[in-house]
Amino acid sequence: MSTAHPQHDHDRMPPGQATEVADGVFAFVQPDGSWWINNTAFLVGGQGVVSIDTCSTERRTREYLAAIRGVTEKPIRALINTHHHGDHTNGNRLLAPAAVIGHERMREALVTQGLPGPEYAAVWGDVEWGKLELEPPFITFQDEITVHVDQTRCQVVNAGTAAHTVSDSYVWIPDHSVLISGDLVFNGGTPFLLMGSISGAIKVLEERGYPVNDLPWEILE
């Protein structure tokens with residue numbers, strides 16, 4: 001999620017692009033400069049695709065699906081949610097029948113949050129959310145779960161404390177030294193922490209081995 005001034009989805013920002021960052025590992029990078037714009041990722045194996053997160057609106061999620069289909073026609077077998085925020089989960093149902101995976105507390109938060117309603121207009125304006133259906137995880141874990149893409153291990157690990165949200169997870173792919181951090185880390189900014197914990201976010205970065213002094217925490221000072 002970007003921390004820039006809101007420009008809203010109906011401004012028709014260009015679609016994201018799939019970029020291969022390691023063998024079979026793709027980042028779906030969306031244009032910067034608006035709230036509700038996230039970066040997702042997917043892995044492609046012989047048996048199918050594993051997605052990490054979806055997008056905020058029907059249109060953006062369908063653009064994400066088109067990017068996947070530009071790489072492979074193999075089925076999407078699993079969808080991992082890093083946390084419950086709508087820019088990572090609103091499009092879950094559009095990836096059906098993929099198995100949706102998330103932390104137990106993340107599922108609870110998503111069910112409580114629900115999908116965008118009329119009250120969102122007071123803050124976000126006239127966003128074209130599209131046709132969305134709530135799809136919380138039906139496979140949950142407590143601490144860690146491993147998803148396999150062929151011989152590649154994807155370790156889905158809960159942060160262990162409130163940080164960006166009440167329950168964040170990240171995906172570590174040791175064979176490629178690739179970390180998919182969800183919103184525990186922002187590129188060029190400080191994560192939004194009002195739904196989580198500032199001290200918890202710093203603790204996660206320090207205990208999980210991130211160079212916290214190299215991140216832009218000065219905005220909190």
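Values below: all heavy atoms of this structure, side chains included; hydrogens, waters and symmetry mates excluded.
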Q) Is any side-chain heavy atom of T54 less than 4.5 Å from a side-chain heavy atom of L94? A) no
Side-chain donor-acceptor pairs under 3.5 Å in residues 147-155, sequence neighbours left out?
| unit_1 | atom_1 | unit_2 | atom_2 | d |
| --- | --- | --- | --- | --- |
| D150 | OD1 | G46 | N | 3.1 |
| D150 | OD2 | G46 | N | 2.7 |

Discussion item. Is there a side-chain contact between P116 and W124 in this structure, where contact means two heavy atoms from C-beta onward sitting under 4.5 Å apart?
Written reply: no
With a 6.0 Å cut-off (strictly less than), is the heavy-atom count around CD of Q17, excluding the residue itself, greater than 12?
no
Between N38 and D53, do the side chains contain an N or O donor and an N or O acceptor separated by less than 3.5 Å?
no
Applying side chain to side chain contact (heavy atoms under 4.5 Å, CB included) to D183 and H88, what does each step give before you reach the verdict? CA-CA 9 Å; D183 280 353; H88 296 254; 3.1 Å; yes
Checklist entry - Going by heavy atoms in the side chains, are I145 and I80 under 4.5 Å from each other? => result no
Taken to the nearest 0.5 Å, the spacing of R59 CZ from E128 CD works out to 7.5 Å
Value for CG (D23) from CG (D175), rounded to nearest 0.5 Å, stands at 10.5 Å
Distance col, row I76:CD1 vs I68:CD1, nearest 0.5 angstrom, shows 4.0 Å
Practice item. Please work out whether the ring planes of W36 and W129 are parallel, tilted or perpendicular, with thresholds of 30° and 60°. Key: perpendicular
### Task
Report yes or no: do L95 and V71 belong to one cluster of Ile/Leu/Val/Met/Phe/Trp/Tyr joined by side chain heavy-atom distances under 4.5 Å?
yes
R69 and K74 have their tightest heavy-atom pair at NH1-O, 2.8 Å
| task | Give a yes or no on whether the backbone of D168 and the side-chain of N158 come within a donor-acceptor separation of less than 3.5 Å. | result | yes
For V178 and A22, the nearest pair of non-hydrogen atoms, with its separation, is CG2-CB, 4.1 Å
| Would a hydrophobic clustering, with Ile, Leu, Val, Met, Phe, Trp and Tyr connected at side-chain separations under 4.5 Å, put L134 with F138? | no
| query | Would W172 and V157 count as a side chain to side chain contact (heavy atoms under 4.5 Å, CB included) if you check the C-alpha gap in whole Å, the side-chain angles of each, and the deciding distance to 0.1 Å? | reply | CA-CA 8 Å; W172 170 240; V157 185; 5.5 Å; no
- Could you state whether V29 and V25 fall into the same hydrophobic cluster, counting links through intermediate Ile, Leu, Val, Met, Phe, Trp or Tyr residues with side-chain heavy atoms under 4.5 angstrom apart? no
Heavy atoms, side chains only, cut-off 4.5 Å: are M106 and P137 in contact? yes
Output for pair (L184 CG, T82 OG1), nearest 0.5 Å, gives 7.5 Å
For L110 and P136 the tightest heavy-atom approach is CD2-CA, 3.7 Å
Rounded to the nearest 0.5 Å, the CG atom of L205 sits from the OG atom of S181 at a distance of 9.0 Å
- [ ] Examine the side chains of S167 and H103 and answer whether a donor and an acceptor come within less than 3.5 Å of each other.
- [x] yes
If hydrophobic clusters are built from ILVMFWY residues whose side chains come within less than 4.5 Å, do V127 and Y120 share one?
yes
* Just by distance, do the side chain of Q113 and the backbone of H84 share a donor-acceptor pair under 3.5 Å? -> yes
Query raised in the report: Do C55 and E63 have side-chain heavy atoms sitting under 4.5 Å apart?
Result: no
Looking only at heavy atoms, the pair that brings S56 and N90 closest together is O-ND2, 2.9 Å
d(E104 CD, I139 CD1) to nearest 0.5 Å is 13.0 Å
Check for a donor-acceptor pair, side chain of T140 on one end and backbone N or O of G102 on the other, with a separation under 3.5 Å. no
Kindly say whether R60 contributes a backbone atom to a donor-acceptor pair with the side chain of T57 at under 3.5 angstrom? yes
Look at the aromatic rings of Y64 and F28 and report parallel, tilted or perpendicular, splitting at 30° and 60°.
tilted
Closest non-hydrogen contact found for E58 with L132 is N-CD2, 3.7 Å
Of all heavy-atom pairs linking A67 and A18, the shortest is CB-CB, 4.1 Å
Treating Ile, Leu, Val, Met, Phe, Trp and Tyr as nodes and any side-chain heavy-atom pair under 4.5 angstrom as an edge, say whether Y170 and L79 lie in one connected cluster. no
